Amino acid sequence: MMPSAVAAYVRNRALSSWSLAGDSAGGVNGVVVIPAYAEEEHLFATLASLAANPAEYLDRFLILVVVNNRADVPTADLDNNAATLRRLDALGDRSPLRLAWVDAASPGRELPPGGGVGLARKIGLDLALKRLDYTFRDPLLICLDADTIVRPDYLSAIDAHFAEARDGGSVIPFCHQAGESPVHDEAIVNYELFLRSYVLGLSLAGSPYAFHTVGSAMACRASAYVRAGGMNGRMAGEDFYFLQQLRRTSGVAELSGTVVFPSARSSHRVPFGTGRSISRSLGGDPDAVAFYRTECFAILGAWLALVTRELGSGPCTLLAAAASISPYLAEYLSGSGFSAVWERLQRHNPRPVALLAAFHGWFDALRTMKLIHHLSSGPYPRCGAQDSVPPLLGQAGLPDPGKGGRELLGVLRRAQIGASCPHERCSLSNCVAFSENFPPEPGPCVV
């Protein structure tokens with residue numbers, strides 16, 4: 001029986017203009033939702049990698065593909081989606097997967113103007129709520145992308161994590177696939193290094209938002225999804241905002257035991273993110289990826305420590321202390337209306353634990369990033385990897401390989417992925433990220 005909170009969400013907030021095709025059997029313990037926009041070339045490799053998971057998990061998890069587009073997209077993309085739907089329909093019961101799909105692409109079923117990946121994810125996740133077996137623990141909702149390869153331990157690692165985890169959300173370790181050329185490899189190495197160094201900086205600062213926000217590498221319990229208000233419909237950045245809300249409402253933990261491998265390809269589909277950054281890098285834009293200086297994270301850390309230490313202080317005291325850390329920090333806080341916010345938070349949260357939680361709900365991942373940007377536009381301009389990453393590694397007690405971005409990325413991957421890291425024995429000519437029996441063969445990795 002569907003829990004009352006989930007039933008209320010389905011009744012009042014879930015999207016209902018689309019329906020499922022394909023597998024229609026009984027309830028499942030989890031659903032993997034895959035938005036697919038003009039992805040015929042990549043989707044079926046992703047499905048093949050899922051099919052390499054053990055049969056016991058394939059029986060318990062539904063794989064749900066949301067084929068989607070707006071009416072105003074290029075004809076080639078419409079044709080691609082139509083071909084994808086035909087292939088899914090032909091595959092049907094022949095697949096080892098419990099496979100279902102949503103047609104959000106055909107005439108009359110398209111996404112509305114402005115709809116994009118966030119809306120496609122929401123369609124799939126909302127529909128998945130009706131297919132879950134709520135007698136099994138708290139069933140799972142998992143986000144993947146149509147160009148992302150998974151390992152044979154993908155479903156088992158996610159299942160094991162949530163069997164023990166206290167937090168309602170999780171992020172899954174990731175490593176980007178290789179580029180199509182040495183220049184492309186260099187671009188994806190630099191971009192992933194930027195992502196990992198930012199999370200390392202947040203971690204050193206003590207931020208509760210020190211986790212990656214990659215749309216193809218996140219999962220949550222159904223109850224946590226509902227508590228967070230469901231997926232947002234943003235055209236880009238939907239993963240960032242969804243995980244931020246999950247952290248506020250149910251918590252987010254880092255999962256271990258598996259790794260996913262997102263594509264390194266360039267794209268102009270969204271205004272920012274991996275695809276756009278790689279496109280800019282390949283186009284010769286020197287500012288496509290620029291790193292944050294360590295001073296920015298030091299100021300953030302001092303600010304977070306100050307608030308934790310001075311929960312009983314008034315806003316004027318805190319702002320004065322912030323100014324002693326950095327006048328640019330105080331300027332940012334004043335411009336964000338901190339004084340009025342802090343007075344309200346203290347009034348409504350008399351207990352220190354509740355007040356600190358409320359503060360981090362206000363000073364969230366977005367405000368944290370805006371502070372870093374504010375400092376970067378002032379006294380600490382953004383820089384290259386060699387000026388940013390080695391000092392962060394030193395502060396974290398990690399070794400500095402004294403070489404280029406590829407070696408720096410290897411250190412951070414091993415540190416952030418831990419025992420699951422597939423790159424301990426990895427070289428450009430022989431990547432062990434993928435087992436010999438793992439379909440399809442994606443080629444060498446970038447580290």
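Numbers here are sequence positions counted from 1. These figures come from a predicted structure and were not determined experimentally.
- Interatomic distance, W101 CH2 to L91 CG, rounded to the nearest 0.5 Å: 7.5 Å.
- Scanning all heavy atoms of the two residues, the minimum distance from L306 to A322 falls at CD2-N, 3.9 Å.
- N53 places a side-chain N or O within donor-acceptor distance of the main-chain N or O of L155, the cut-off being under 3.5 Å.
- Looking at residues two or more places apart in sequence or on another chain, you find no side-chain hydrogen bond (donor to acceptor under 3.5 Å, both in side chains) involving S334.
- The shortest side-chain heavy-atom distance between V33 and V31 falls under the 4.5 Å cut-off.
- Sparse packing is recorded around CZ of R166, with 12 or fewer heavy atoms of other residues, nucleotides or ligands lying under 6.0 Å away.
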Given the rule in the ring-ring contact (aromatic ring centres under 6.0 Å, His included) test, do W303 and F338 qualify, once you have shown the distances and angles that lead to the verdict? CA-CA 13 Å; W303 163 239; F338 172 74; 5.4 Å; yes

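- How far CD of E180 is from OG of S263: 8.0 Å, rounded to the nearest 0.5 Å.
- In the displayed structure, R13 atom CZ is contacted under 6.0 Å by at most 12 heavy atoms of other residues, nucleotides or ligands.
- A donor-acceptor pair under 3.5 Å is absent between the side-chain atoms of D77 and the main chain of Y37, judged by distance alone.
- Judged purely by atom type and a 3.5 angstrom limit, R248 uses its side chain to pair as donor or acceptor with the backbone of G361.
- L375 places a side-chain heavy atom less than 4.5 Å from the side chain of I299.
- Residue pairs meeting the salt bridge (charged side-chain N to carboxylate O under 4.0 Å, His left out) criterion with at least one member in residues 51-62, sequence neighbours excluded: R60-D159.
- For residues 379-399, the set of pairs meeting the ring-ring contact (aromatic ring centres under 6.0 Å, His included) definition, not counting sequence neighbours, is empty.
- Here the CZ atom belonging to F297 is positioned 10.5 Å from the OG1 atom belonging to T368, to the nearest 0.5 angstrom.
- Taking the six-membered ring where the residue is Trp, F61 and Y57 present tilted rings, their angle falling between 30° and 60°.
- A distance-only check finds a donor-acceptor pair linking the side chain of R221 to the backbone of F162 [under 3.5 Å].
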One pair to check against side-chain contact (heavy atoms from CB on, under 4.5 Å): R121 and D145. What are the steps and the verdict? CA-CA 10 Å; R121 289 197 203 280; D145 281 349; 2.8 Å; yes

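- Across all their heavy atoms, A104 and I123 have their closest contact at CB-CD1, 4.4 Å.
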Could you pull out all donor-acceptor pairs under 3.5 Å where a side-chain atom in residues 382-403 meets a protein atom, sequence neighbours excluded?
residue	atom	partner	partner atom	Å
R382	NE	A290	O	3.0
R382	NH2	A290	O	2.7
Q386	NE2	K403	O	2.9
S388	OG	Y292	O	2.7
D400	OD1	G402	N	2.9

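- A donor-acceptor contact closer than 3.5 angstrom links the side chains of S250 and R227.
- Checking N69 against N81 by side-chain atom types alone, a donor-acceptor pair falls below 3.5 Å.
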Give the intermediate values and the outcome of side-chain contact (heavy atoms from CB on, under 4.5 Å) for residues L64 and I34. CA-CA 6 Å; L64 173 54; I34 307 174; over 6 Å; no

Let me see the working for E238 and K122 under salt bridge (charged side-chain N to carboxylate O under 4.0 Å, His left out), right down to the final yes or no. CA-CA 10 Å; E238 83 293 342; K122 179 173 174 58; over 6 Å; no

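- Side-chain N or O atoms of S203 include none that pairs as donor or acceptor with a backbone N or O of V199 at under 3.5 Å.
- For the pair D364 and Y241, the minimum side-chain heavy-atom distance is 4.5 Å or more.
- The two residues T148 and P262 come nearest to each other via the heavy atoms OG1-CA, 3.5 Å.
- Residue R234 holds its CZ atom at 9.5 Å from CZ of F240, rounded to the nearest 0.5 Å.
- Within the structure, side-chain hydrogen bond (donor to acceptor under 3.5 Å, both in side chains) pairs that include any residue of residues 318-331 comprise E331-H374 (at least two apart or interchain).
- Side-chain contact check for L144 versus Y154: some heavy-atom pair is nearer than 4.5 Å.
- Side-chain contact between F363 and L300 is present, with at least one heavy-atom pair separated by less than 4.5 Å.
- Listed for the S336 side chain is a donor-acceptor partner under 3.5 Å among the backbone atoms of Y332.
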Going through the checks in order, is the side-chain contact (heavy atoms from CB on, under 4.5 Å) test met by V353 and L356? CA-CA 5 Å; V353 172; L356 185 60; over 6 Å; no

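- Using a 4.0 Å cut-off between charged nitrogen and carboxylate oxygen, E343 and R347 do not count as a salt-bridge pair.
- Listed for the R367 side chain is a donor-acceptor partner under 3.5 Å among the backbone atoms of W362.
- Contact annotation: the side chain of L319 never approaches that of W342 to less than 4.5 Å [non-hydrogen atoms, C-beta and beyond].
- Side-chain atoms of M218 and L246, non-hydrogen and from C-beta on, never get closer than 4.5 Å to each other.
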For the pair M235 and V117, evaluate side-chain contact (heavy atoms from CB on, under 4.5 Å) and give the outcome as yes or no after the intermediate values. CA-CA 6 Å; M235 288 189 66; V117 64; over 6 Å; no

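- Between the side chain of Q346 and the backbone N or O of L311 there is at least one donor-acceptor pair closer than 3.5 Å.
- Residues P35 and L119 have side chains not in contact (no heavy-atom distance under 4.5 Å, counting atoms from C-beta outward).
- Between the D239 side chain and the S216 main chain, no donor and acceptor come within less than 3.5 Å of each other.
- Applying the ring-ring contact (aromatic ring centres under 6.0 Å, His included) test to every pair with at least one member in residues 203-237, sequence neighbours left out, gives these pairs: Y9-Y225, F174-H212, Y225-F242.
- The distance from the CG atom of L409 to the CG atom of N190 is 9.5 Å, given to the nearest 0.5 Å.
- For the 3.5 Å distance criterion, the side chains of Q244 and R247 fail to qualify, holding no donor opposite an acceptor.
- Q177 and D147 get closest at one heavy-atom pair: NE2-O, 3.3 Å.
- Residue L132 comes nearest to N29 through the heavy atom pair CD2-C, 4.3 Å, listed as atom of the first residue, atom of the second, then distance.
- Of the N and O atoms on the side chains of S223 and D138, at least one donor lies less than 3.5 Å from an acceptor on the other residue.
- In this structure, the separation between SG on C220 and CD on Q245 is 12.0 Å, given to the nearest 0.5 Å.
- Listed for the N80 side chain is a donor-acceptor partner under 3.5 Å among the backbone atoms of E40.
- V66 and G124 make their closest contact through CG2-CA, 3.7 Å (heavy atoms, listed as atom of the first residue, atom of the second, distance).
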